[in-house]
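Quick note on labels: first sequence line is chain A, next is B, and so on, each numbered from 1. Every heavy atom of this structure was used, including side-chain atoms; hydrogens, water molecules and symmetry mates were not.
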Protein chains: 2
Amino acid sequence: MFKRTPSPIIAQIAKIRESANLLLEKELLARDLKGIVPAHGLVFCFLFRQDEPIPIKALVQESGRVKSTVTGMVNTLEKHGYLYKIECPDDARSTLIGLTEKGKAIQQDFEDVSETLENKVFGSMPPEDRQRLLELLAVIEKNLD
Amino acid sequence: MFKRTPSPIIAQIAKIRESANLLLEKELLARDLKGIVPAHGLVFCFLFRQDEPIPIKALVQESGRVKSTVTGMVNTLEKHGYLYKIECPDDARSTLIGLTEKGKAIQQDFEDVSETLENKVFGSMPPEDRQRLLELLAVIEKNLD
DNA sequence: TGACTTTAGTTCGCACACGAACTATCCTCC
DNA sequence: GGAGGATAGTTCGTGTGCGAACTAAAGTCA
């Protein structure tokens with residue numbers, strides 16, 4: 001009985017994502033960013049754009065993660081000193097979060113790591129191929145909506 | 001200050017993978033395959049190809065997962081009755097695993113789900129585009145090795 | 001044979017990730 | 001204003017996933 005790999009593209013995509021995460025972890029470690037993992041990217045990326053503390057609710061909507069997951073990530077990032085939590089003055093149910101100085105300080109590293117990843121992913125692929133790849137990926141992304 | 005999404009391709013790829021996993025979970029549930037999650041695909045795919053019990057060690061190598069992770073997955077699949085564990089007669093350190101009848105019985109479902117996913121991913125994309133996409137993905141996969 | 005090393009699995013602690021249940025606050029509407 | 005429902009977070013249980021430490025059984029070699 002012969003068996004082939006199921007869903008070769010998805011397997012390929014999963015593998016690429018894993019390799020990317022591995023590279024990210026390596027780069028983060030190289031920059032001495034302890035306690036930060038690729039999954040925190042969404043959090044930082046969102047918080048970098050905020051001028052003042054935002055409710056956790058906003059992060060839940062933005063990140064696409066479930067409430068309890070966000071609670072966990074916020075707590076670990078708080079534990080490592082990257083962000084702080086304060087009570088919302090207007091709504092006692094709500095908790096506001098914001099970047100500490102330590103949290104703000106990593107923005108440059110964050111961007112550097114992102115760029116390193118982007119460069120490594122594409123390598124010497126010509127621009128028209130990159131464009132084509134993004135388009136084709138957009139198609140299958142839409143197919144899966 | 002303006003911030004763009006870091007590594008758009010990787011973000012896109014991560015999103016596709018997540019959507020695919022979501023679809024898989026939906027399809028598994030629709031077929032009443034309780035206790036099985038996408039991550040178990042590697043395990044089943046490997047075990048379907050075996051005629052007799054294999055050491056966990058082999059699954060570790062094949063799956064690309066770490067020993068402790070495999071231990072966990074094997075235990076949950078055993079708990080749900082999809083596979084069994086026996087002591088290896090030749091090497092007392094080794095544990096052999098194999099599919100139970102319940103485990104073997106899902107092979108058809110497994111293939112159906114894989115095909116459903118594959119079809120949904122590609123949709124009506126023409127064959128030459130599919131080919132091109134796989135090629136381009138292979139390039140960035142290699143870039144990240 | 002007996003010390004040393006390698007190997008196979010398990011266990012533990014941690015973090016992400018989900019869903020379900022829970023608490024506390026707020027809002028609505030009678 | 002008070003009952004009922006909506007909303008914001010947390011907590012709990014389960015599972016994947018990792019690394020490190022551990023146990024037990026082989027293998028090595030002097």
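- Considering only the side chain of A:H80, C:dA15 comes nearest among C:dA15, D:dG15, D:dC18.
- Within the nucleic acid shown, B:K57 comes within 4.0 Å of sugar-phosphate atoms alone, with no base atom in reach, counting heavy atoms only.
- Between B:V37 and A:V70, the one whose closest nucleotide on DNA chain D sits nearer the 5' end is A:V70.
- Rounded to whole angstrom, the span from the CD1 atom of A:I86 across to the C1' atom of D:dA8 amounts to 15 Å.
- In terms of phosphate contacts, B:R65 brings a side-chain nitrogen or oxygen within less than 4.0 Å of OP1 or OP2 of D:dC18.
- For A:S68 against D:dG9, a side-chain-to-base donor-acceptor contact under 3.5 Å is absent.
- Taking for each of A:D90 and A:G35 the nucleotide of DNA chain C with the nearest heavy atom, the 5'-most of the two is the partner of A:G35.
- Ion pairing of B:R17 with A:E141 is absent here, as no side-chain N (NZ or NE/NH1/NH2) approaches a carboxylate O to less than 4.0 Å.
- Using a cut-off of 4.0 Å between Lys/Arg side-chain N and Asp/Glu carboxylate O, A:K102 and A:E78 are scored as not salt-bridged.
- Computed from coordinates, the B:L96 CG to D:dA25 C1' distance equals 15 Å when rounded to whole Å.
- Donor-acceptor pairing under 3.5 Å is lacking for the side chains of A:N21 and A:E25.
- If you take NZ of B:K67 and P of C:dC12, they are 16 Å apart, rounded to a whole angstrom.
- When the P atom of C:dC26 is taken as reference, atom CG of A:D91 falls 5 Å away, rounded to whole Å.
- Contact annotation for A:T76: backbone-only contact, meaning every heavy-atom pair under 4.0 Å involves sugar-phosphate atoms and none involves a base.
- For B:K79 and D:dG15, the shortest distance from a side-chain N or O to OP1 or OP2 is below 4.0 Å.
- Judged purely by atom type and a 3.5 angstrom limit, A:T100 uses its side chain to pair as donor or acceptor with the backbone of A:G81.
- Under a 4.0 Å N-O distance rule, the pair A:R132/B:D129 qualifies as a salt bridge.
- In this structure, the CD atom of B:E78 is 13 Å from the C1' atom of C:dG9, given to the nearest Å.
- Going from atom CZ of B:R93 over to atom C1' of D:dG27 covers 8 Å, rounded to whole Å.
- Computed from coordinates, the B:I56 CD1 to C:dT10 P distance equals 4 Å when rounded to whole Å.
- OP1 or OP2 of C:dT10 sits under 4.0 Å from a side-chain N or O of B:K85.
- At a threshold of 4.0 angstrom between heavy atoms, the contacts of A:S94 are confined to the sugar-phosphate backbone, with no base atom among them.
- One finds no side-chain N or O of A:H40 lying less than 4.0 angstrom from the OP1 or OP2 phosphate oxygen of C:dA15.
- Heavy atoms of A:T95 sit under 4.0 angstrom from primed sugar atoms or phosphate atoms, though from no base atom.
- The interatomic distance linking B:Q61 (CD) with C:dT7 (P) rounds to 11 Å, in whole Å.
- Using a 4.0 Å cut-off between charged side-chain N and carboxylate O, A:E18 and A:K15 make no salt bridge.
- Residue order along DNA chain D, read from the 5' end via each residue's closest nucleotide, puts A:T71 first among A:E18 and A:T71.
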